[in-house]
Amino acid sequence: MPLAQVPRYICEIVFHSATNVPLADLNDLASDPYIAATLSPTSSGASGPKSNTPRSISFRTPTARRTLNPTFNARWIVSGIPATGFVLVVYLYDEDPGDHDDKLGKAVIRFPDPNRDNAEESRGLKEGWDSGEREYKIHKRHGSLRTRIGTFVAKAVTRGGVGHRVRVLVSVRVLGPAPRLDGEDAELVYTLGPHIFVRHFSPLATHLTSVKSFIANRLQLTGPVPSSLRHRYVGFAPFVKAMFRARGIEGILLNRALHKQHRAIYKWDKNTIWGVVGEAPDDEKPQQDGHTNGDASGKETPNEAFAKKFLEMTAYGTEGRIFTYVILLDGEWRFTETGEEFAIQLLSKHTMHADVAVEIAYSGEFFVRRVRKSSHPAKANGEAPQTDGAIAEQDDDASDTDYPDPSSLLPSEFELVIDNDSGTYRPSKDLLPALESFLSRPSNLGALGRIRAMDGFDERLKRWKEQRQEVKKRARGGDKAKGVVRQASVSSSSGSSSTSSSSEGERQAAEGVREDAEAEKRRSENGQEKKALEEDGRRAQENEDDDEAARDEERNLDAGQK
C-alpha cells in the first residue's frame, strides 16, 4: 500500500527518565543531562524513492541539573504517524554552557518494536496501542571519550557508587486517528503539541547591546505548517550559497560563524526558562488526551492561555517593541526584539535565527499593539453605531501608546501585525494570507483580537513602524542619553517615559527631523529595490544551488563587479 494511503495516527511520546548517565563533571560527580530526539516515519517500502519520504522532526527535553539519574517527563505529541510506525533516535547530552555539549550516548528505537511486541502488534500501530514505559539501552560508544573516562574514574573513586549501565525510559501511545491532509501535505508528519516555550538569556548579546537583559524566544505552534509556506534562502550572491552549503573556505568560515552566533543568542544554561503553556504542576495535572481544546460539540475554541503567553513573551508590545522572527518547517517560532539601538547586526539576521537552515516556513518582522476600536457615535440617518468590539480602520494611524497595565487586558484587546521583511529568505507576499490563516487557527493565536499579515513594502506598515520607533525613543530616551539601551519589564515600562528633560526633548526633536528626512530618502529609493526584491521573491521557493537561474545570477554578478 502506498504510504499516502496508510492509516495515520496522533501519538503521544513521553521521555520519562534516564539512569546511570555518564559523568561529565568530575568536580560535582554529576552531569546536566537532556535528551534530543529525532523522529522519522517508517516507510512501507512502497512509497517511492527516499527523496519522497516525509522529513524527520525533532524534540528537546529540558535540562536536568546536577544529576546522574534525571527525571524529564517531557511530552511530545506528533500527528501524521503512519500505521507502519516510526523510528526514534534518542541522543543523550550533557549541557555545557562554556563549550560544546558533550555526547553521552545514543539509542535507536523502533515503534512498534519487533523484538518486544508480539507478532500481531508488530504489524503496525492501531487505535488504542500503548507501549507502556519501556527501558532502552543508551550505547556509550556514541558518546565522547571524556565522559567515558570520567565515569570510569568516578566509579573507582566512589567504589561502585556510579553506575555504568545507561538506560532511558520512554513510552508511546496512540491517541486517535490523525486528520487526513491533502496534496503535498498527505504524508506530512508534524508536531501537534504541546505549546512549549523557551526563553534564553544571552550574556553575550546583553554585553554587546548594553541592554538590561537580552531575551531570545522559542514558541511551538500547533502544526501542520501549510506546505505552501516553504522558503529556501535566496542566493543573491555566490558567497550566500557557499555559506548555506558550507562549501569552500569562505563558505565554511561564514557557516561556522553563524552557527556560533546562533548558539550564543539561543544559549541553553541554568538561567534558561523551559515550560509548557497551561501545564499544571505534576500533582495537579488533569488527564489529557493530547487533542486541542474544544467544547462539547467538538468545535475548537481559541486557546486563550497560549495567546496570553505570546503577549507576555512580547511584553504586550509596550515601548514600541519590534521583533525579528523565523518560523521553522515544524512550527517552531523563534524571535528576538530588534531595532537600530541594538547596535549589532547579527541580532536582526534571519539566517542566525534559523541556524543557517536551508529551508524555513516564513520570516520577517512583527509587532504587537492594542486593537484600535471605534469610538464613533450613532449616525444621524439612524444606522446603528459600531459596537465596542468593532475595529475601526480609520483609527489605524492613531498614536501607539502603552496601557498602564496591559497584562490585565484580554488577548482580544491586542493585534499582531506581521510581515515578510526578510532579505535572506524573501518570503513571497502572495503567501501572506496563508501565514495569517495559520497563525489565526484557534489552537495558535486565534484568541487575539486580530492578526494582520502585511507586505514589508506596504506604506502603512512603514508608517506604523516609524511611529513605534518614536514611541521607543520617548520610552527609552533617558537611558539612550547615557548610551544604554534597556529591555524593560512590563511593570516598569509605564513610568520610564515621563522623566526626560527639556533639553533631551529638543535633542529628540532634532533627531526626529533628521530621521524623517532619511525615511523620505529611503522611500524614494525603494522603487528599484522593490523590483529587485520581488524578482528574488519569485525565485525564493524554487531556488536550487545548481540550477541554470542560479548560474546566470552568478555570471551577472561577476560581470557587474568587473
Side-chain angles (χ1 to χ4, degrees), residues 217 225-226 228-237 240 314 317 320-328 333-342 345-354 357 359-369 393 396-397 400 415-440 445 448 450-472 515-516 518-543:
N217 303 279
V225 176
S228 60
L229 298 184
R230 193 181 184 100
H231 292 82
R232 292 170 61 89
Y233 67 89
V234 175
F236 54 84
V240 175
T314 56
R321 289 174 169 86
I322 298 176
F323 298 84
T324 295
Y325 79 91
V326 297
I327 297 176
L328 303 185
W333 196 357
R334 298 175 183 170
F335 56 90
T336 62
E337 188 178 347
T338 190
E340 294 180 359
E341 75 278 14
F342 286 98
Q345 290 298 314
L346 67 89
L347 298 181
S348 298
K349 296 296 185 183
H350 297 94
T351 311
M352 182 280 298
H353 286 283
E359 291 183 323
I360 62 166
Y362 220 80
S363 59
E365 293 183 345
F366 72 81
F367 59 85
V368 171
R369 63 179 185 177
E393 293 292 340
D396 281 341
D397 290 331
D400 210 340
E415 72 170 334
L416 167 66
V417 181
I418 189 165
D419 65 34
N420 60 342
D421 186 5
S422 169
T424 303
Y425 297 99
R426 310 277 172 84
S428 170
K429 66 178 182 180
D430 295 336
L431 293 174
L432 286 167
L435 173 67
E436 185 175 305
S437 177
F438 170 60
L439 294 175
S440 299
L445 295 177
L448 291 183
R450 177 166 60 185
I451 295 176
R452 295 199 226 199
M454 303 180 68
D455 181 22
F457 290 107
D458 189 295
E459 291 300 325
R460 288 185 306 163
L461 179 62
K462 292 178 182 178
R463 185 165 62 248
W464 296 343
K465 286 186 177 181
E466 289 170 4
Q467 290 171 353
R468 296 190 69 80
Q469 290 169 2
E470 291 303 316
V471 171
K472 185 181 293 185
E515 291 184 357
D516 286 344
E518 291 178 352
E520 183 62 32
K521 181 180 178 182
R522 287 195 299 271
R523 282 193 291 272
S524 66
E525 295 173 346
N526 269 343
Q528 293 182 344
E529 180 184 7
K530 181 176 180 180
K531 291 180 181 178
L533 294 181
E534 288 179 343
E535 176 63 27
D536 282 339
R538 283 192 290 270
R539 297 199 309 271
Q541 287 185 279
E542 57 190 11
N543 178 54

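Worth knowing before you read on, the calculation uses all heavy atoms, side chains too, and leaves out hydrogens, waters and symmetry mates. Throughout, numbering of the chain's residues begins at 1 and tracks the sequence.
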**Q.** Non-hydrogen atoms of Val225 and Ala361 that approach each other most closely
**A.** CG1-CB, 3.7 Å
Q: Working to the nearest 0.5 Å, report the span between NZ of Lys349 and OG1 of Thr336.
A: 13.0 Å
**Q.** salt bridge (charged side-chain N to carboxylate O under 4.0 Å, His left out) between Glu459 and Lys462, intermediate numbers included
**A.** CA-CA 5 Å; Glu459 291 300 325; Lys462 292 178 182 178; 3.6 Å; yes
Q | Asp421: partners by side chain to side chain contact (heavy atoms under 4.5 Å, CB included), with sequence neighbours left out | A | Glu365, Asp419, Lys465
**Q.** salt bridge (Lys or Arg N to Asp or Glu O under 4.0 Å) partners of Asp430, counting only residues at least two apart
**A.** none
Q: Would you give the length of the straight line joining atom CG of Leu416 to atom CZ of Arg450, rounded to the nearest 0.5 angstrom?
A: 11.0 Å
Q: Mind listing the closest non-hydrogen atom pair of Val240 and Gly235 along with its distance?
A: CG1-CA, 4.3 Å
Q.
So which atom in Leu435 and which in Ala453 form the shortest heavy-atom distance, rounded to 0.1 Å?
A. CD2-CB, 4.5 Å
Q | Shortest non-hydrogen separation from Ser428 to Tyr362 and the atoms involved | A | O-OH, 2.8 Å
Q: Go through the steps for Trp464 and Arg468 under the test side-chain contact (heavy atoms from CB on, under 4.5 Å), then give the verdict.
A: CA-CA 6 Å; Trp464 296 343; Arg468 296 190 69 80; 5.5 Å; no
Q. Ion pair present between Glu436 and Arg452, side-chain N to carboxylate O less than 4.0 angstrom?
A. no
Q | Arg230 CZ to Ile360 CD1 distance, which is reported to the nearest 0.5 Å | A | 11.5 Å
Q. Is there a side-chain contact (heavy atoms from CB on, under 4.5 Å) between Arg321 and Phe367 once you walk through the steps?
A. CA-CA 6 Å; Arg321 289 174 169 86; Phe367 59 85; over 6 Å; no
Q: Check side chain to side chain contact (heavy atoms under 4.5 Å, CB included) between Thr314 and all other residues, then give those that pass, not counting sequence neighbours.
A: Phe310, Phe323, Phe335, Phe366, Val368
Q | Gly364 backbone acceptor or donor facing Asn420 side chain under 3.5 Å | A | no
Q: For Ala354 and Tyr425, work out which heavy atoms get closest and say how close.
A: CB-OH, 3.4 Å
Q. Atom CD1 in Ile451, atom OG in Ser440: separation rounded to 0.5 Å?
A. 3.5 Å
Q. Which atoms form the tightest heavy-atom contact between Arg426 and Val234, and what is the distance?
A. CG-CG2, 3.5 Å
**Q.** Gap separating the OH atom of Tyr325 from the NE2 atom of His350, nearest 0.5 angstrom
**A.** 7.0 Å
Q: Let me see the working for Leu439 and Ile327 under side-chain contact (heavy atoms from CB on, under 4.5 Å), right down to the final yes or no.
A: CA-CA 11 Å; Leu439 294 175; Ile327 297 176; 4.3 Å; yes
Q: Apply the test side-chain contact (heavy atoms from CB on, under 4.5 Å) to residues Phe457 and Lys429: give CA-CA distance (whole Å), side-chain angles for both, the deciding distance (0.1 Å), then the verdict.
A: CA-CA 10 Å; Phe457 290 107; Lys429 66 178 182 180; over 6 Å; no
Q | Point-to-point distance, once rounded to the nearest 0.5 Å, from CG of Leu461 to CG of Asp455 | A | 8.5 Å
